[in-house]
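Data block below; observations after.
Just the heavy atoms: all of them, side chains too, but no hydrogens, waters or symmetry mates, feed the values below.
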Amino acid sequence: MAALDAMVFGGGLVAASAGMWWLRSLGGGVRPSHPGDVADSAPRELRTAVLVIADPRQRAHMFIACGLGSLDTGFPPLEDWVYTDYGLQVDLLMMAGQKRKDWAGEDAVDALAQVLAVKNVTVSFPDPGVVRLQLRVWDTLADPTTVSGVHNGVDLEAIPVGVLEDGGVWNLALLYRHLLIAGGTNAGKGGLVWAIIAGLAPAIASGLVELWVADPKGGMEFGRGKALLTRFEYTDEGIVAMMADAEALMLERAARCREAGIEKHIPTTDEPLIVIIVDEAAAMTAYAEPDTMKKFDRHFGKLLTQGRAPGVSLITCVQDPSKDTLPQRQLIPIRIALRLDERNQIGMVHGDSARERGARCDEIPYTTPGVAYVREDGTPNIVRARSYFVSREDIAALCEQYAPRGHGIDLAPQGDYSDFDPDDLGDGENGPVAA
């Protein structure tokens, strides 16, 4: 113990200024100076964690026990900690020679959770050499949030679809993007798609966005929202034909952009963003007739590889995100994993180390459909969020208020007007003639 005390206090592990960082989380008023007093002022669920983090000696014991520091090599310096809605966020500096997997490995994360007496710990790396421990004791996404009220503006690169773990708005980009939504039965895939549709609703009404939906489940999932859809197919033949038409539109639009020297199509009401939703994609990629699968895969691959710049975006939903059921998943940049039944499925969506970086999709309770872990290609961080709850009544209201202009109006001639004389106004044999 004497050696440890000498190392911690005599060796300058925590400088005087750095050692006071943790006091900033306590708000105004008289601030306790002893770690025990700091712990006593913490929420009951976090008192053990606060005592360990606030006391340099306890912190050093934790690092030794977890294999993250020693008397010989020293201990990771504490940068900062702060209370959050989910518990506690702790920033530390890694020791020389340490690697990310030393902190994010399954055994290391579990050991930290046990010594800190919290439900679980997730690890992220906000900057090189910095490790962020997120000590989780409360679930900020436990309660559903209903879709927000009527709105008139739509940013196609920031569509509000739910809430983030920190209480912020969960925005998704659709323009120049494709989305993959993976989740087990009743995980909330359909609910998330309806939240996306709700966010797009004003753009659908104005004609800036067209929804083309493939619903292999006989149309049962999206049939109730048919008034919002430009194309709606639920048979294998109809879905393949729709994908072929989308590919033809994409190629024709791309050719016009090329001739005009345009790199990215900007949607207008005359040339809208086409959003294609493929629900339960495995029905077309793995379980359809071989010839049907071949045709669908060809169109699907073309749209994934060439559709973004011409303004054709895909939203693909699957239960099993394996390569067998969705061989082209690597072409989809934004990936959303709801509750998954198996650990290895997490890596199929977010990469091999995703679970160690906090994507605990296999631990999402059945009671919280819509909770998901979200990642966009090119960014290391995985964000936890929950989609808005969209009820049947909400869907009916969306259909009534935001159906595309002209939807359901028969614009065909109502009679035979082939003998119509524009000069005959009904007066006399030929009527008066305009001067």
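- Evaluation of the side chain to side chain contact (heavy atoms under 4.5 Å, CB included) rule for Ala248 yields no partner, not counting sequence neighbours.
- Scanning for salt bridge (charged side-chain N to carboxylate O under 4.0 Å, His left out) contacts around Asp279 gives Lys217, with sequence neighbours left out.
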Intermediate values then yes/no, side chain to side chain contact (heavy atoms under 4.5 Å, CB included), Ile315 and Val278: CA-CA 6 Å; Ile315 300 173; Val278 182; over 6 Å; no
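- Here side-chain hydrogen bond (donor to acceptor under 3.5 Å, both in side chains) pairs that include residues 179-200, with residues two or more places apart or in two chains, are Thr185-Gln319.
- A salt bridge links Glu363 to Arg355: one of the charged nitrogens lies within less than 4.0 Å of a carboxylate oxygen.
- Considering only residues two or more places apart in sequence or on other chains, Tyr176 meets the ring-ring contact (aromatic ring centres under 6.0 Å, His included) condition with none of them.
- Using a 4.0 Å cut-off between a side-chain N of Lys or Arg and a carboxylate O of Asp or Glu, Arg231 and Asp245 qualify as a salt bridge.
- The OG1 atom of Thr325 lies 10.5 Å from the CD atom of Glu280; values are rounded to the nearest 0.5 Å.
- When all heavy atoms are compared, the tightest approach of Val349 to Ala337 is CG1-CB, 3.9 Å.
- Between the side chain of Thr140 and the main chain of Asp85, no donor-acceptor pair closer than 3.5 Å is present.
- Partners of Asp297 by salt bridge (charged side-chain N to carboxylate O under 4.0 Å, His left out), not counting sequence neighbours: none found.
- When all heavy atoms of Leu338 and Ala187 are compared, the pair lying nearest together is CD2-O, 3.3 Å.
- Annotation: cation-pi pair Arg339/Tyr366 present, NZ/CZ under 6.0 Å from the ring centroid and within 45° of its normal.
- Checking side-chain atoms of His178 against main-chain N and O of Ile332 turns up no donor-acceptor pair under 3.5 Å.
- By the side chain to side chain contact (heavy atoms under 4.5 Å, CB included) test, Asp166 pairs with Leu164, sequence neighbours left out.
- Remark: the backbone N or O of Leu174 is paired with a side-chain donor or acceptor of Ser313 at under 3.5 angstrom.
- No side-chain donor-acceptor contact under 3.5 Å links Arg335 to the backbone of Leu180.
- Checked by atom type and distance alone, the side chain of Thr368 never pairs as donor or acceptor with a backbone atom of Val371 at under 3.5 Å.
- In terms of heavy atoms, Tyr234 sits closest to Gly219 at CB-N, 3.4 Å.
- Between Val154 and Gly199 the shortest heavy-atom distance is CG2-O, 3.6 Å.
- Rounding to the nearest 0.5 angstrom, the gap separating the OG1 atom in Thr48 from the CD1 atom in Ile53 is 11.5 Å.
- A donor-acceptor pair under 3.5 Å is formed between the side chain of His350 and the backbone N or O of Tyr373.
- Lys295 and Asp291 are joined by a salt bridge, as a carboxylate oxygen and a charged side-chain nitrogen come within less than 4.0 angstrom of each other.
- Contact of the Met94 side chain with the Phe125 side chain is registered, since non-hydrogen atoms from C-beta on lie closer than 4.5 Å.
- Using a 4.5 Å heavy-atom cutoff, the side chains of Leu135 and Gln89 are not in contact.
- You'll find the side chain of Ile276 reaches within 4.5 Å of the side chain of Met243, heavy atoms only.
- Rounded to the nearest 0.5 angstrom, Phe300 CZ and Met293 CE are separated by 14.0 Å.
- Remark: side-chain polar atoms of Thr285 are paired, donor with acceptor, to backbone N or O of Ala281 under 3.5 angstrom.
- For the residue pair Pro267 and Leu156, the shortest heavy atom distance occurs at CG-CD1, 4.3 Å.
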Worked check of side chain to side chain contact (heavy atoms under 4.5 Å, CB included) between Ile181 and Thr316: CA-CA 6 Å; Ile181 303 173; Thr316 306; over 6 Å; no
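- Separation of atoms CE (Met95) and CG (Asp102) is listed at 12.0 Å; rounding is to 0.5 Å.
- The nearest pair of heavy atoms linking Ser387 to Leu192 is CB-CD1, 3.7 Å.
- For the pair Ile197/Ile277, a side-chain contact is recorded, criterion being any heavy-atom separation below 4.5 Å from C-beta on.
- To the nearest 0.5 Å, atoms CZ (Arg177) and CD1 (Ile334) are separated by 5.5 Å.
- Applying the side-chain hydrogen bond (donor to acceptor under 3.5 Å, both in side chains) rule to pairs touching residues 110-123 yields Asp110-Gln114, Thr122-Gln134, Thr122-Arg136, sequence neighbours excluded.
- Contact of the Leu78 side chain with the Asp80 side chain is not registered, since no non-hydrogen atoms from C-beta on lie closer than 4.5 Å.
- Taking Pro126 as the reference, Ser124, Val130, Arg132 meet the side chain to side chain contact (heavy atoms under 4.5 Å, CB included) condition, with sequence neighbours excluded.
- Partners of Leu331 according to the side chain to side chain contact (heavy atoms under 4.5 Å, CB included) rule, which considers only residues two or more places apart in sequence or in another chain, are Leu304, Thr305, Gln328.
- Counting only heavy atoms from C-beta outward, the side chains of Leu208 and Leu273 never approach each other to under 4.5 Å.
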Pair Glu237-Thr292, side chain to side chain contact (heavy atoms under 4.5 Å, CB included): steps then yes or no: CA-CA 8 Å; Glu237 296 78 10; Thr292 298; 5.6 Å; no
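- Gln345 places a side-chain N or O within 3.5 Å of a backbone atom of Asp341 that can act as its donor or acceptor partner.
- With sequence neighbours excluded, no residue satisfies salt bridge (charged side-chain N to carboxylate O under 4.0 Å, His left out) with Asp236.
- Residue pairs that meet the salt bridge (charged side-chain N to carboxylate O under 4.0 Å, His left out) test with at least one member in residues 317-333, sequence neighbours left out, do not exist here.
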Step-by-step side chain to side chain contact (heavy atoms under 4.5 Å, CB included) determination, Val163 to Trp170: CA-CA 5 Å; Val163 293; Trp170 176 17; 5.7 Å; no
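- Looking only at side-chain heavy atoms (C-beta outward), Met62 and Leu116 come within less than 4.5 Å of each other.
- Proximity of Leu92 to Phe63: side-chain heavy atoms (C-beta onward) are separated by under 4.5 Å at one or more points.
- Residues that satisfy the salt bridge (charged side-chain N to carboxylate O under 4.0 Å, His left out) test with Arg253, not counting sequence neighbours, are Glu271.
- Side-chain contact, Trp103 with Gln98: a donor N or O sits under 3.5 Å from an acceptor N or O.
- Without hydrogens or angle criteria, Asp215 side chain to Phe222 main chain gives a donor-acceptor distance under 3.5 Å.
- Shown here is Ile262, whose CD1 atom has more than 12 heavy atoms of other residues, nucleotides or ligands within 6.0 Å.
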Stepwise salt bridge (Lys or Arg N to Asp or Glu O under 4.0 Å) test for Arg386 and Asp139: CA-CA 11 Å; Arg386 186 172 187 177; Asp139 186 357; over 6 Å; no
